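Below is one structure. I have some questions about it.
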Number of protein chains: 2
Amino acid sequence: MKENLKNKREKQIIHSALHVALNKGFENSRMDDIVKHSNLSKGTIYYYYRSKKDLYLSLVDHWFIEYSTGVLDTINKKNTASNQLKALFAYFIDQYKKSPSTFKIMIEFWRMSRLDKDFNTKLQKIYSQFLDYITEIILSGIEDNEFIDVNPRITALSILINIEGIKWFTIFENSDVEAHEYMDTITDFILNGLKKKSNE
Amino acid sequence: MKENLKNKREKQIIHSALHVALNKGFENSRMDDIVKHSNLSKGTIYYYYRSKKDLYLSLVDHWFIEYSTGVLDTINKKNTASNQLKALFAYFIDQYKKSPSTFKIMIEFWRMSRLDKDFNTKLQKIYSQFLDYITEIILSGIEDNEFIDVNPRITALSILINIEGIKWFTIFENSDVEAHEYMDTITDFILNGLKKKSNE
DNA sequence: AATTTTAGACTGACCGGTCAGTTTAAGCAT
DNA sequence: ATGCTTAAACTGACCGGTCAGTCTAAAATT
């Protein structure tokens, strides 16, 4: 049960780090804020993490692990490529509704990627992982004669960028448009663009 | 020529602020960095801007004014709605190639919007302006029987989000896909989705 | 069974540096 | 003589990280 405590503490700290970073961003979040929110001491936090940056890099990892399994589960439940894509879009909209914070924090991650090599490397790896999942779907869709012969890499990236676009709704109020309406619309555009017309 | 000096100085300072923020982001940019880069004194900078935040809010304004005129020019040169949209996409890709920094800084703006009410309000206004431009195009396309009867607001937002997606390429290297390929692909998806099929 | 040792977990006051913003006293331009 | 500019020193709040020491529960020794 030794391992359990370490695990528990790490989760506790990461959870607080997320909470604080959501409200203040990386630079404005104070280690003392995390101390307060986690009900741990500063010493304990530095006992588990070597530095503020180290802690936030771990937050990225946790975020990825949580998402990665969800995405794979979602994809694997469906057969056809278009159903897989649909499920993927639906999954992210669902996640957005359940906890928008996950999308909010992505903005912080993007931003850190821009400024810091280590964040960039980490994020790049994560995204290329996601890109591979999507590329795989597109490829199988083409192989099965379900999709037209597009460039899988470009298409996958377009899809990824559109999913990322959900971030928009976490920042800007938009009385007119709901996130799921956006997602539905863009899903239609993309799937109609991909699907082979049956009568030709 | 009084007005001219004020103007010149403001541009000088804003330009330096942009330069510094691009490399370091808002919090990590030091007023002394701006002092150094602008070849002005700290006193002068505080003579024209009341605070760091005030300065960066002005940067947002400058950024918007520069883009807004460009966008309107681009749109007004074309007749049909689809050509206007195409020109719009092309315009942004062109801008991205000419100065990616404009897209890089957008990430910083989004991020500040998330954290600070004043940035949020400003950005929200700017984006609703852009959204209006695009909505207008869609509406005219529908009116002229060029586009199918979509929801103009949702469609406009989808387009805007896809344009914003160019940001991606400023952060993540992507040996496979170029920004213009992404833009072309998504342009096709959207325009094909919008256009009325001539034979029905 | 009682005592001592050990190691991992934890504490929080404190230090050293940082930085936005101010002040000052002088210089230049118009 | 007023608007603009400078260099440099200064202030004080603020914060990441440290460190000397405490606590606890289990293991080792007696």
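A note on names: the letters A, B, ... follow the listed sequences, proteins ahead of strands, and every chain is numbered from 1. Since the model is a prediction, treat every value here as computed from it, not as a measurement.
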| field | Nucleotide D:dA7, atom C1' - distance to CG of B:Asp32 in whole Å | value | 12 Å
| task | Check whether any side-chain nitrogen or oxygen of A:Tyr48 sits under 4.0 Å from OP1 or OP2 of C:dC10, and answer yes or no. | result | yes
| Nearest-nucleotide 5' precedence on DNA chain D, A:Glu27 against A:Gly43 | A:Glu27
| Whole-Å distance between C:dT30 C1' and B:Lys6 NZ? | 19 Å
| note | Separation of D:dG3 atom C1' from B:Lys8 atom NZ, nearest Å, is 15 Å
| query | In whole Å, what is the span from the CG atom of A:Leu5 to the P atom of D:dA26? | reply | 13 Å
| query | Closer than 4.0 Å, any side-chain N/O of A:Thr44 to the OP1 or OP2 of C:dT11? | reply | yes
| query | Across the strands shown, which category fits B:Asp54 at heavy-atom distances under 4.0 angstrom: base, sugar-phosphate, nothing? | reply | nothing
| Any side-chain N or O of A:Tyr47 less than 4.0 Å from the OP1 or OP2 oxygen of C:dC10? | no
| said: Does a side-chain N or O of A:Arg50 approach OP1 or OP2 of D:dG17 to a distance below 4.0 Å, or not? | reply: no
| note | Those residues at least two apart in sequence (or on a different chain) that pass ring pair (Phe, Tyr, Trp, His ring centres under 6.0 Å) with A:Phe26 are A:Tyr56
| request: Would you kindly check whether a donor in the side chain of B:Lys52 faces an acceptor in the base of C:dG21, or vice versa, at under 3.5 angstrom? | output: no
| Rounded to whole angstrom units, what separation is found between the CG atom of B:Leu40 and the P atom of C:dC28? | 17 Å
| Ion pair B:Glu108/A:Arg114, N-O distance below 4.0 Å | yes
| field | Protein-nucleotide distance (A:Ile45, atom CD1; C:dT11, atom P), rounded to Å | value | 9 Å
| message | Between the side chains of A:Glu178 and A:Lys97, is the shortest nitrogen-to-carboxylate-oxygen separation below 4.0 Å, so that they form an ion pair? | response | no
| said: Given D:dG3, C:dC19, C:dC10, identify the nucleotide with an atom nearest to the side chain of B:Arg30. | reply: C:dC19
| query | So, does A:Gln124 use its side chain to make a donor-acceptor pair with the main chain of B:Glu173 at under 3.5 Å? | reply | yes
| Within the structure shown, what part of the strands sits under 4.0 Å from A:Tyr49 by heavy-atom distance: base, sugar-phosphate, or nothing? | nothing
| query | For DNA chain D, whose closest nucleotide is more 5', that of B:Arg9 or that of A:Lys42? | reply | B:Arg9
| query | Is it true that A:Tyr182 and A:Trp168 have ring centroids separated by less than 6.0 Å? | reply | no
| note | Whole-Å distance, B:Tyr56 OH to C:dA20 P, equals 9 Å
